[in-house]
Amino acid sequence: MKELLEDESGKKILLLGNEAIVRGALEAGIGHGSTYPGTPSSEIGNTFEKIAKEYGMYFEYSANEKVAMETAAAAAASGVRSMAWMKHVGVNVASDALMTLMYSGVRAGMVIVAAGDPSMHSSQNEQDTRFYSQLGNIPMLEPTTPQEAKEMVKYGFELSEELELPVLIRTTTRVNHARGVVTFDDLQEADGDGHFEKDPARFVAVPQNSVRNHPKLLERMERAEKITEKSEYTYSIGVENPELHVISSGAGFNYIREAKEEFDLPISILKLGMTNPLPIDTVKDFIEDAERLLVVEELEPFLEEKVKALAKEVNPSLDVYGKKSGHFSRLYEYNPDRIKDALSDLMEFERKEEPLETEEHDLPIRPPSLCPGCPHRATYYAVKKALGDREGVFSSDIGCYTLGVQDPLNTADYLLCMGSSVGAAGGFSKNTDQQVFAFLGDSTFFHSGLPALVSGVYNQHDFVYVIMDNRTTAMTGHQPHPGTGKTGMGDPAPMLSIEDLARGAGVEFVETIDPYDIEKTIEVFERAIEHDGISVVIPKHPCALIEQREVRWEPYQIDQEECKQCHICTDRFGCIALVREGDEVMINETLCVGCGQCAQVCPFDAIKQEGK
Amino acid sequence: MKRVNLEIVGVGGQGILTSSQVIGGAALKKGLDVYMSEVHGMAQRGGVVVTTVKIGEEVYSPLIGKGEADVVLGFEPVETYRAIEQASKKTWVVTNTTPIVPFTVSVGDEKYPSIEHEIIPSLQKATDKLVTLDAEALAKEAGAAITQNIVMIGALTATDVLPLNESEIKRSIEDNVPKKFVDMNIKAFDKGYQRTKDIMDQL
Ligand SMILES: Cc1ncc(C[n+]2csc(CCOP(=O)(O)OP(=O)(O)O)c2C)c(N)n1
Ligand code: SF4
């Protein structure tokens, strides 16, 4: 991705939305970037990881989104252009800082990218993050394409400086993970040499200051109301005297625009680029003489309700179609079919698609699964062996290890959000007499598992706290974290010890074990279960995808003469390289990485490595 | 120029992202507009991967509606069938026949259909524009099973649906795979291309 550093204005290049966001920041001379990874925002950090040093800026993976927001805010207060980015639910974590940051504002430009995930391709919910812009009075831009994402990020820094407020750029998966043609503008040199000029009345949010700063925020947003009316990212396309008026923002705009071109529809679309504050006069002008209006926006009726209120003022007889009318749903992302379905109820046009006539087949579902060789699988197997017939309550968390929810492991019973495993385990342990486990990854431990551990020790909760240390943030693409000894810029860093942190928090039972040694791992869990109070177990083994970059083991095979077809390997352990055909079990040689875990699980020693 | 829509489907880890970038990169080089949607995140752990590539003079959205694909390029036969509603009578359906059995089947919850007796006959009934090939076997002939994705690109190119010719795609392969694997991948491309041309000659 070194191409992103080329100062070649006018060059056209195929970029992922997230790479385009990085380029926009480079064209604005970003000096500070901070994040905690999360789909669909992760490739922004992955890209900065590769180029930050050469470009001359500072970049970090913070322990969580709140810290990322706070470091970026301080950079901007010190006069350095900064960006913080995160997935939509990351904004929840950062929101405490963000809501008050709006009162004090910024000096240099600060851009916040919040990447939503309608349809929950890789997320626990599909909340419509746009509402934060209203809650916090945050100026907001909604890009529709990678090109626009680049431009809006760059413009976001200017807007932020003009208003002295952070600017929120709200994207969704089909912008972040769309790849399109992007045209470069000039690169700017990285901002740096910050200096913080003290101004406690502005930057210290005690009540007497906040009382004065809140009205300042409202004044700034009043200025934003003028700016939004002139935004170059808000424009209308279409015919005069249209049969249907359309208002749209974000990814939804792409589909309605495409339908318009494809079917030559007699419609007029007002595309909104800056959606907080809403350009009220622009919208009023657009709907004043309209008869019918369709609002196209994914998720909640964020624009629709405001537009309806405006219609009451300027055009009470306007028919507004959207979520309330049933033309669109508040669920999941849109696509060309959903747009055409809505349109075909409102106007005549000939749909061209003629899907094939096909026979029905019951196709097996294909959920994502733990990789062959994944150390998490061994940990889960060992926990269940240690429990024996006793029932365990498995309070889970977010990461690759959540895939233990599937058959045959079934080691996830309760999950809300990152870090929730620990608090919830405490709640289960205080309110039931079941044996409780909290399962979380190393990155999740540093993100939010640590304060919950402190709370649990203090309140004398009683559960087994399992920190599955695979030495990386695997689910989101293997980013470093405070336990890995490496920073986001690739420099060496202090390697924080989870053991020391747990002991420091007052935990008496702290044991680290390599889960690839299944027998020993079972033994550790047996003792952890017996222990009163919180017992911390740290199964520690690198993520198989990382380890396999360096080592190559021979695949295993099943000796069909020794195999008694007990199916313990498939029905209890369940590595995806173990394939069952009828009663016979075989190992898929291409999938098997030779980790040997299943060989330990087999009671009849039927699983062997070639030549051994 | 008419817009060309490709729907590329398969399983996380099959190298689908590289394939779509090979095509997209070639189109950009030719001065065409390209818009694609990719899958990053959870599904890359062995889940269903659906990627689209749209090429034209101007492309407005990255997704494809039902029946709108010009080619459904399936890296795995069950996934091809799952995506079949994106195809119409005009669509080329090009599928790898090498199955990847999901773990849900081995665990005993589900059944994997017979490719030979169920999936392929159903595809044949649904459309005449069908190309089936054992991309794994062809990839192994070329040097390694991991070049399956490039075998599939060869097959796609052979349908002549792309506004891109053989040498334009090959140049893009050179841009997108590590240097030391270029020869092997070009061989893989040729295998997929030739096999598909042979099949099409018999249609
Ligand atoms: C608040 C929040 N931030 C980020 C994410 C995205 N996310 C999902 S899992 C994960 C990290 C998992 O890392 P780790 O705990 O080490 O587990 P692993 O995947 O390595 O097993 C992240 C960052 C999220 N779901 N919620
Ligand atoms: S990426 Fe690593 S941690 Fe995640 S499932 Fe695969 S082996 Fe396990």
Side-chain angles (χ1 to χ4, degrees), chain A residues 12-14 16 39-40 42-43 117 121-123 145 173-174 176-181 251 254-255 257-258 261 335-337 339-340 352-359 361-371 400 403 406-408 475-477 570-571 574-576 578-580 585 588 590, chain B residues 11-12 20-21 24-25 27-28 33-48 58-68 78-79 81-82 84-91 100-113 118-119 122-123 125-127 136 145:
Chain A
K12 283 186 192 301
I13 166 171
L14 208 51
L16 196 64
T39 316
S42 306
E43 297 75 22
D117 190 15
H121 299 283
S122 280
S123 301
T145 63
T173 301
R174 299 300 176 185
N176 299 90
H177 289 167
R179 194 177 287 272
V181 181
N254 296 330
Y255 313 120
R257 179 173 190 190
E258 185 173 71
E261 303 295 334
N335 56 38
D337 293 319
I339 299 291
K340 279 184 263 175
K352 301 177 201 160
E353 67 263 40
E354 305 155 37
L356 296 175
E357 278 176 36
T358 50
E359 299 169 336
H361 284 295
D362 259 341
L363 301 179
I365 56 164
R366 192 188 295 276
S369 52
L370 294 174
C371 304
C400 282
L403 297 170
Q406 288 150 351
D407 285 341
M475 177 99 271
T476 47
T570 51
D571 296 358
C575 173
I576 55 173
L578 293 160
V579 188
R580 195 168 148 178
V585 183
N588 177 324
T590 344
Chain B
V11 179
S20 57
Q21 281 169 29
L28 175 73
D33 194 14
V34 193
Y35 210 163
M36 353 206 274
S37 78
E38 298 183 355
V39 172
H40 298 263
M42 203 151 176
Q44 284 179 309
R45 306 271 173 276
V48 178
E58 209 165 347
V59 188
Y60 299 106
S61 99
L63 295 182
I64 296 175
K66 290 195 178 76
E68 278 185 2
V78 160
E79 295 315 318
Y81 209 77
R82 214 192 295 279
I84 201 66
E85 60 177 19
Q86 305 300 96
S88 72
K89 286 273 178 216
K90 297 180 198 121
T91 307
I100 299 179
V101 179
F103 74 92
T104 46
V105 172
S106 294
V107 169
D109 301 348
E110 303 228 33
K111 200 180 135 293
Y112 190 85
E118 295 177 74
I119 297 299
S122 287
L123 286 171
K125 251 185 248 170
T127 180
E136 187 178 67

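Naming convention: chains lettered A, B, ... in sequence-line order (proteins, then strands); numbering from 1 in each chain.
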For the student: nearest non-hydrogen atoms of B:S88 and A:E354, plus distance: CB-O, 3.2 Å
Which atoms of B:E38 approach chain A - backbone, side chain, both or neither, heavy atom under 4.5 Å: both
B:K66, part contacting chain A, at a heavy-atom distance under 4.5 Å: both
Short side-chain to backbone donor-acceptor contact, B:T104 and A:I365, under 3.5 Å: yes
When A:R366, A:R580, A:E258 are compared by non-hydrogen pairs under 4.5 Å with chain B, the top option: A:R366
From NZ (B:K125) to CD (A:E357), nearest 0.5 Å: 12.0 Å
Under 4.5 Å from a heavy atom of chain B, the part of A:D362 involved: backbone
Region of A:S123 in contact with chain B, defined by heavy-atom distances below 4.5 Å: neither
4.5 Å side-chain heavy-atom contact, B:I100 and A:N588: no
Close side-chain approach of A:K352 to B:E68, heavy-atom, < 4.5 Å: no
Residue pair B:S61 / A:R257, side-chain heavy-atom distance below 4.5 Å: no
Atom pair CD (B:E58) and CD (A:E261), whose distance is rounded to the nearest 0.5 Å: 7.5 Å
Close side-chain approach of B:Q21 and A:R179, heavy atoms under 4.5 Å: yes
Residue A:P367 versus chain B: region with a heavy atom under 4.5 Å: both
Spatial distance of atom CG (A:L356) from atom CD (B:Q86) [nearest 0.5 Å]: 11.0 Å
Which atoms of A:C400 approach chain B - backbone, side chain, both or neither, heavy atom under 4.5 Å: side chain
Closest contact, heavy atoms only, A:L363 versus B:P113: CD2-CG, 4.2 Å
Engaged part of A:L14 at the chain B interface, taking heavy atoms whose separation is under 4.5 Å: both
Heavy-atom contact with chain A under 4.5 Å, split by part of B:L28: side chain
For chain B, the option from A:T358, A:T173, A:T39 that forms the most heavy-atom pairs under 4.5 Å: A:T358
Smallest separation among heavy atoms of A:A178 and B:Y35, with atom names: CB-CE2, 3.7 Å
Between A:H361 and B:S122, a side-chain donor and acceptor under 3.5 Å: yes
Atom group of A:L370 that falls short of 4.5 Å from chain B, counting heavy atoms: neither
Heavy-atom pair with the smallest gap, counting every atom of B:Y112 and A:P364: CD1-CG, 3.9 Å
Interchain contact, B:V34 with chain A, by part (heavy-atom threshold 4.5 Å): both
OG on B:S37 to CG on A:N176, rounded to 0.5 Å: 12.5 Å
Minimal non-hydrogen separation, B:I64 against A:P336, with atom names: C-CG, 4.0 Å
For B:Y60 against A:N254, the heavy-atom pair lying closest together: O-CB, 3.2 Å
